[in-house]
Amino acid sequence: MGRFYVTTPIYYPNADPHIGHAYTTVYADSLARFHRLLGDETFFLTGTDEHGLKLQRAAEERGLHPKEFVDQMAEKFKRYWAMLDISYDRFIRTTDPDHERLVKHVALEMYRRGFIYREKYSGWYCVSCEKFYSPGEYIVVEGKPYCPIHRKPLEWVEEDTYYFRMSEFQDYILKVLEEEKRVYPEQYAREVASKIRKEGLRDVSIARPKSRVWWGVEAPFDPDYTIYVWFDALLNYITGAGYLEDRGRFNRLWPEAHHVIGKDILWFHTAVWFSMLKAIDVEPPKKVIVHAFLIRRGLKMGKSAGNVVRIEDLLERYNGSDGARYVLMRIFNPHKDVEYTAELLDSIYNSELADNYGNLVRRVGVLARKKLGGTVESETVDEGLATAIEKAARKYVEEMDNYRIQEALAAVMDLLREANAYINREKPWEKGEPRRELYSLLEVIRASTTMLHPVIPKATVRLAEAFGFKIEEGSLRDQVTPGGGRTYRVSEAPILFRKVK
Ligand code: ME8
C-alpha cells in the first residue's frame, strides 16, 4: 500500500468560487479518489487563503470585520465543494490557530537563521495578484503600469520592509528545476528555470507594515509588521501535513506531496516555495502539477474579466455533480488553455455519458432483467471483451498514475465503445437466454464503472448497487480483472444521464 498527499491552491475567498476553481478542485479530488481506490493512505487538503490586502479591502467594502467576512465565505466554499462531491480530508483556513502558529514558528526560524533582513522597498503592486511587478513584467496602458493578468492599474508602494534572502537559493532552485522531475508537465519547470537564468533569483519582500496591511499574521520579529500573504499561504501545505503538530505524520506524508495549481501561480509554487522549504531544511514536494486556464471569449475566466461560468449553472445543466465533474475533467488540459463553450461540453456529456456509458448500462440492465430475471451467473467472458478490459485497465492505471485523467477517461470510453459494438453485433435481444453475452457485458460495466468512479462518484455507486457489485477503497485491481466467478443481481436498469438539449 502506498501513500498519496494531494493539495489544491487555497483560494481567495473574496468572491464565490467559479468553474475555474472547480476545474482544479475536481481534478485534485479525482486523483485523491483514484488513490483511495488503489488502497493508498490518502490525504487531500483544500481550503481558503484569508489574509492580506485583498481580503482586508473586500471586507471593508462590505462594512464587515475581515474575520466575519471570511467566516461567511469559508462556509460558502464548503457548500460549493459539497455540491461537487469534493472529498477533502481537511479544509484548511489560514486563520486556523494551528496554521498561524506554524507561520510564526517558520518566520522566526528563518529570521534566526539569517534569511530575513530589513530594507527599504519600492515597486508596483497588484492587489488582485497580491504581488509586485517589475518593469518588463507589467504592461503599460496610456503611460501607466497595469497588471498583465487582471488588466487593472498597479499601485505604487514605498516602505520599509523585511526581505527573504531567496537569491541565496538560486543554484539550488535551478538544480531542482533542471535535474529533478518535480514539475508536471516539464515545460513549466523549463519556463521557470529560464526566467531565473535570465533575470536571476531576487530577494522577496515577506512583510507588510501594519499601518497598510493589518489583516495578517503578526511578524514574530517585528510587531509592527504582518507576514506577506503568499508567504503565509504557501505554508498551509506543511501545516496540513502536520509539520508542527505531528512530525511523524509529516514525515510519512510529505515525500508524497502533490500540489495541483493553475499556471498563474507557478512562480510562487516553485521558485518561492522551494526556497522557503530549503531555508528550513525540508525537501521540495514530490510534484507540482500545473494546468493551463479555462478561458472564455479568449480571456482567462475570472471575476475581473467578468466572464465566469457559475458552478451552480454547470450543476444544473449537467444534472448534478457527476455530469459537471465529468465534462470538466474531459476538457482538462495541463498544457493549453481551453476555450469554454456550451456546445463542446454538451456534446461530451451527451455522447460519452448519456450515450456511450448510460445507454450501454440501460440496455444491459433491461436485457438482464427481461431475459434472465435479473440474475446473471458466472460464465466464460467473451475473449475479445476480456482482452479489451485488461487493455483498458492497464492504460487507465498508467494514465492516472501519471496525472492524465483526460487520457484515462478516454481509455474507458474506448472500452465502452467496444462493448456497444459487441452488443450490436451479437444482438442478445434475439437470443433466448444470452447468458454469456450478458455476463461479458456486465464485466465490462463493472470495470468501467469502477474506473469512472473517481470522476463520477455518485452515479457509479448507484449503478454498482443496482447491478450487485461494490466499489470500495482498495478494490480497483479486483474490479478491473475480468472473470472471478461472481453473480450479478440486477435489481434495476437505471437511466443514469438524461441527455441535454
Ligand atoms: O491564487 N482556469 O487564489 P485564487 C483554470 N490564494 N484555473 C483557474 C481559473 C481559470 N480560469 N481561475 C482560477 C490564489 N483557477 C492564492 C493561492 S496557494 C498557496 C494560494 C484556479 O483564488 C487555478 O488553480 O486566485 C488557479 O491557480 C487558482 O484557481 C487561483 O485561485
Side-chain angles (χ1 to χ4, degrees), residues 6-29 31 45-55 58 70 73-74 76-77 80-81 84 86 91-95 99 102-103 106 126-131 147 149-150 152 188 216 227-241 257-274 276-277 285 288-311 314 328-329 331-340:
V6 65
T7 67
T8 71
I10 47 171
Y11 306 108
Y12 292 124
N14 61 317
D16 291 3
H18 53 72
I19 69 166
H21 304 104
Y23 196 63
T24 314
T25 310
V26 169
Y27 177 88
D29 184 65
L31 290 182
L45 183 74
T46 189
T48 38
D49 186 357
E50 306 187 343
H51 291 129
L53 195 53
K54 185 171 170 135
L55 268 300
V70 294
M73 291 304 290
K76 244 181 154 181
F77 268 71
Y80 276 107
W81 298 152
L84 279 166
I86 303 302
F91 188 98
I92 192 168
R93 302 178 53 188
T94 50
T95 51
H99 177 70
L102 178 129
V103 172
V106 170
C126 170
V127 180
S128 292
C129 292
E130 291 279 19
K131 179 182 156 161
C147 170
I149 293 175
H150 295 94
K152 285 200 273 197
Y188 292 108
I227 295 292
Y228 173 40
V229 54
W230 265 104
F231 194 89
D232 169 355
L234 286 162
L235 290 168
N236 93 86
Y237 301 130
I238 64 172
T239 303
H258 295 73
H259 301 322
V260 180
I261 60 162
K263 65 181 181 183
D264 50 338
I265 54 179
L266 172 65
W267 176 258
F268 286 109
H269 281 81
T270 48
V272 179
W273 183 222
F274 294 4
M276 287 170 63
L277 288 168
V288 177
I289 304 171
V290 190
H291 62 71
F293 297 145
L294 261 186
I295 57 176
R296 206 173 164 206
R297 298 182 224 108
L299 286 180
K300 178 189 174 201
M301 195 181 284
K303 224 190 81 172
S304 9
N307 60 353
V308 299
V309 174
R310 298 186 320 156
I311 291 171
L314 202 71
L328 286 179
M329 289 305 95
I331 60 170
F332 193 89
N333 195 320
H335 310 274
K336 277 192 287 190
D337 293 345
V338 176
E339 171 78 27
Y340 170 96

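Indexing begins at 1, ligand by ligand and atom by atom, following the structure's order.
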Please say whether [X] places an N or O atom under 3.5 Å from an N or O atom belonging to ligand 1.
X: Tyr12; answer: yes
X: Asp49; answer: yes
X: Gly262; answer: yes
X: Thr24; answer: yes
X: Ile10; answer: yes

> Taking NZ, NE, NH1 and NH2 as the nitrogens, is one of them in Arg310 or Asp16 under 4.0 Å from a carboxylate oxygen of the other?
Replying inline: no
> Are the charged groups of Lys54 and Glu130 less than 4.0 angstrom apart, N to O?
Replying inline: no
In ligand 1, which numbered atoms sit nearer than 4.0 Å to a non-hydrogen atom of [X]?
X: Tyr11; answer: 3 (O), 22 (O), 28 (C), 29 (O), 31 (O)
X: Ala233; answer: 19 (C)
X: Ile265; answer: 1 (O), 27 (O)
X: Met301; answer: 10 (C), 11 (N), 12 (N)
X: His269; answer: 18 (S), 19 (C)
X: Asp264; answer: 26 (C), 27 (O), 30 (C)

> If you take all heavy atoms of Phe77 and Tyr12, which pair is closest and at what distance?
Replying inline: CZ-O, 3.9 Å
Inter-residue atom distance [X].[atom1] - [Y].[atom2], 0.5 Å rounding:
X: Leu314; Y: Leu328; atom1: CG; atom2: CG; value: 5.0 Å
X: Thr94; Y: Leu234; atom1: OG1; atom2: CG; value: 11.5 Å
X: Thr24; Y: Ile19; atom1: OG1; atom2: CD1; value: 11.0 Å

>> Judged on heavy-atom distance to atom 15 (N) of ligand 1, which of Gly20, Ala305, Ala28 sits nearest?
In response: Gly20
>> Residue-level breakdown please: for Trp230 versus ligand 1, do any non-hydrogen atoms fall below 4.0 Å on the side chain, on the backbone, on both, or on neither?
In response: side chain
